[in-house]
Amino acid sequence: MADLHPYRTHTCNQLRKEDAGKTVRLSGWMFRLRDHGGILFVDLRDHYGITQIVVHPSRSFFGLVEKAHLESVITVTGEVKLRDPETINPDLPTGEIEIEANELVMESASAVTPIYIPDEKADESEEMRLKYRFLDLRREKLHKNIMLRSQVIRFLREQMWAKGFNEFQTPILTASSPEGARDYLVPSRIHRGQFYALPQAPQMFKQLLMVSGFDRYFQIAPCFRDEAARADRSPGEFYQLDIEMSYATQDEIFAVVEDVVSATFRKFSTWTCNAAPWPRIKYRDAMMVYGSDKPDLRNPLKWFDMSDFFRRANFKAFAACVEHGGLVKGLLVKGIVGVETRTWFDKREAFVKENGGKGLGYISWTRDGELKGPIAKFLSPEQLEEMKSLAKMEPGDCLFFMAADPDECHRLSGLVRTNIADNMTNDVREHGCYKFCWIVDFPFFEKDPETGKIIFSHNPFSMPQGGLKALNEMPPLDIVAYQYDVVCNGIELSSGAIRNHLPEVMYKAFEIAGYTKDVVEQKFGALHSAFQFGAPPHGGIAPGVDRMVMLLADTANIREVIAFPMNQKAQDLMMNAPNFVTEQQLRELHIKIRGTDGETRVP
RNA sequence: GGGCUCAUCGUUCAUCGGUUAGGACCUCGGACUGUCGAUCCGAAGAGGGGAGUUCGAUUCUCCCUGAGCCCGCCA
């Protein structure tokens, strides 16, 4: 046996009945132990699988194994034996054999683990799981998620290379960027009082690579933003499949993403995907129909504009709303009258009020032909008839109404659309599918609700449709940009734009948003400078890697697809980051901590 | 910055203001030569911190601390 590899000749998912009789060596963790007094069974686990080890009482190491804690790492040498037919375990790929241990080495004894690894359904606090992440990652579910992530990233890379894209690295220590999210700052030791920033995205670098003539760029790019986390938003840092293309039209960029993302979802999930080209929904239509710029298209419910109808109808509350610039929308829900109870309808209305709305009107067409509901009595028989044909209503259907200022109306209608679908007795949503769509034509500018100022609504790098002419001639709020998102099942997967590579257009756009030429040249110095020397028209996009894997793993929490995530407060509980540093370190960085409770604490 | 929910053995979940604070898993001890979430017997092990209400608080109230989710934020 001296010629065997010191740790293993096979993995724990390799041996089959054909291997019977071989002398083998396996290493792994003691996953489970079944102690029958006279005989021990150890489920030996490694990355690949599980193999049963049998330890007979005559062996010198019998006592060692019997007393060992689970999760200890051992190396076992022994003979592959066929199991008796009645002891075959059909649940294990290696279930037809077992290893009869002749030698055993305790490589690394484990203490009692704070979480019990075999219990996949255990529901420890996330705090506990994050603190002992290296243990949680041993569990099959999480281990698989991280492997899925690894394979997805590999596949994304392969596809990008195959499409002629080149992979580049861009700096991690860079300059603080104007606009956008809060930067993570890194103090400079050499330059007193100056700071680097971690990139929120390699946005300017990838554009500069286009100016440098590299034509097609991609990177699995780390992005850092010092903003609050959510269940679907990783705190601090996340990864994007960052893409930029020279001389590309919006349609060409869409085609690349449709190809790459579709292929990825088809490869790594059994769920169906809607075929490319994906629906392209204008931002304004998305807000009108779905009340959201990230609609879940598995939900078939759609709002439509009834402002014109209610302007003419003699229901004063809605007519007044429309007169004052508001919006009235209708949502037809088929076949729920007589299915859902009065309480159900009351709950929908209560939901709207909880979310700041005035209420939720509706008219039900009962199975015996009556039109009922809080609003029905305000409409004349002719108007009710018009409403029915407008909404394509049938007996058993209910028409909901939302009336408010446009922004508020969209917001509430989006919430209601989801709330109704979530609570219907007969679920109308599709399941087991990924529904992709493009949201296009985002507004270039919007009005700051607090100051009333015109501000960039998405990002100042994108090209306004109509170019300089539009900026000069159109009301700013009517201008749309070559700015687009990919949305899948209600999750924003990706965001991108055809860039603005023309200095004059930059100046004008920033002027409308209240910035002078100087500011443009100062804040976007490199980009502005680069555009003076021949810049190719270019555009790009950046699908979120974490979110793609999250959808593929069918988990609601993005931390389930990140090996070492931070908690919602952007703390790494395992590494204890962030943490205090020594006075010496602070001195080198010319930093003094402000305030009373933030005194420098030396660990 | 704000809102909601939560905090009990190592873990997880119970417990009407009066209980020897209970179960499951883990742990420890014992039995057991074919199990595979082994089984059986036994044992150990808990109210985050601080105020208050009360004859009496794990339970009610407030503050602090910590956690999760949401809003703001995330061009």
Side-chain angles (χ1 to χ4, degrees), chain A residues 31-45 50-58 62 66-67 69-71 81 83-92 94-95 98 100 111-132 135-136 177-183 200-201 203-204 223-238 354-356 411 415 442-446 448-450 455-462 481 483 485 492 495-497 509-510 513 523-524 542 544 556-557 559 567-571 573:
Chain A
F31 185 50
R32 290 196 186 93
L33 178 67
R34 290 175 293 283
D35 182 350
H36 288 247
I39 189 167
L40 293 178
F41 297 97
V42 178
D43 287 340
L44 193 69
R45 183 198 75 235
I50 292 172
T51 299
Q52 175 164 284
I53 309 296
V54 184
V55 181
H56 288 291
S58 56
F62 183 87
E66 198 178 26
K67 298 294 173 209
H69 286 143
L70 296 180
E71 295 305 308
K81 297 263 192 182
R83 296 200 199 183
D84 292 336
E86 66 272 19
T87 63
I88 285 172
N89 184 348
D91 297 332
L92 284 182
T94 61
E98 61 195 10
E100 199 176 289
V112 174
T113 54
I115 60 175
Y116 181 57
I117 312 298
D119 191 352
E120 291 282 332
K121 294 200 185 87
D123 192 24
E124 294 96 358
S125 69
E126 198 162 20
E127 192 182 3
M128 180 66 59
R129 293 180 52 204
L130 289 176
K131 186 174 177 187
Y132 296 101
L135 294 180
D136 201 19
S177 63
E179 310 267 328
R182 235 174 256 118
D183 286 314
Q200 295 176 24
Q203 182 66 35
M204 287 207 236
C223 303
F224 305 89
R225 295 178 191 175
D226 188 2
E227 295 291 352
R230 287 286 183 280
D232 65 348
R233 196 198 305 160
S234 165
E237 52 188 80
F238 59 97
E354 282 163 24
N355 284 280
R411 184 182 72 87
L415 293 172
F442 277 82
F444 195 57
F445 296 109
E446 65 187 36
D448 187 319
E450 279 168 27
I455 55 173
F456 289 111
S457 67
H458 226 80
N459 97 41
F461 300 101
S462 56
Q483 168 80 47
D485 281 1
E492 184 192 316
S495 192
F510 277 84
K523 284 187 166 181
F524 302 95
N557 191 324
R559 296 191 285 273
N567 67 8
Q568 196 177 27
K569 288 182 180 158
Q571 297 166 301
L573 300 174

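These numbers come from the heavy atoms of this one structure, side chains and all, not from hydrogens, waters or symmetry mates. Proteins come first, then strands; the chains are lettered A, B, ... in the order of their sequence lines, and each starts at number 1. Because the structure is predicted, anything quoted here is derived from the model rather than measured.
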(message) Using a strict heavy-atom distance below 4.0 Å, which residues from residues 31-41 of chain A are in contact with RNA chain B?
(response) A:R32, A:R34, A:D35, A:H36, A:G37, A:G38, A:I39, A:F41
(request) With sequence neighbours left out, write down each residue that passes side chain to side chain contact (heavy atoms under 4.5 Å, CB included) with A:S234, or none if nothing qualifies. (result) A:F238, A:I558, A:I562
(message) Suppose we screen for ring-ring contact (aromatic ring centres under 6.0 Å, His included). Which residues come up paired with A:F524, at least two apart in sequence or across chains?
(response) A:F461, A:F510
(request) Could I get the full list of side chain to side chain donor-acceptor pair (under 3.5 Å) partners for A:R225, not counting sequence neighbours? (result) none
Which pairs, protein N/O on one side and nucleotides 11-15 of chain B N/O on the other, fall under 3.5 Å?
unit_1: B:rU12; atom_1: OP1; unit_2: A:S125; atom_2: N; d: 2.8

What's touching nucleotides 25-30 of chain B from the protein side, N or O pairs under 3.5 Å?
unit_1: B:rC28; atom_1: OP1; unit_2: A:H69; atom_2: NE2; d: 2.8

(request) Look at A:Q571 and B:rG66 and indicate whether a side-chain polar atom (N or O) is within less than 4.0 Å of OP1 or OP2. (result) no
Polar atoms only, N or O, under 3.5 Å: list the protein pairs with nucleotides 6-8 of chain B and their distances.
none

(request) Please list every stem that involves RNA chain B, where a stem is a run of 3 or more consecutive Watson-Crick or G-U wobble pairs with both pairing distances under 3.5 Å. (result) B:1-7 with B:65-71, B:10-13 with B:22-25, B:27-31 with B:39-43, B:48-52 with B:60-64
(message) For A:R233, give me all partners under side chain to side chain contact (heavy atoms under 4.5 Å, CB included), at least two apart in sequence or on another chain.
(response) A:R230, A:R547
(message) On the nucleotide B:rA67, are OP1 or OP2 found under 4.0 Å from the side-chain N or O atoms that A:N567 carries?
(response) yes
(message) Going by side chain to side chain donor-acceptor pair (under 3.5 Å), name the residues that satisfy it together with A:Q52, two or more places apart in sequence or in a different chain.
(response) A:R34, A:E98
(request) Could you list the residues that satisfy ring-ring contact (aromatic ring centres under 6.0 Å, His included) with A:H36, not counting sequence neighbours? (result) A:F41
(request) For A:Q568, answer base if it contacts any base atom (sugar-phosphate contacts may also be present), sugar-phosphate if it contacts only those atoms, and nothing otherwise; contact means non-hydrogen atoms under 4.0 Å. (result) base
(message) Going by the rule side chain to side chain contact (heavy atoms under 4.5 Å, CB included), which residues pair with A:D136 if we only count those two or more places apart in sequence or in a different chain?
(response) A:I115, A:R129, A:R133, A:R139, A:L142
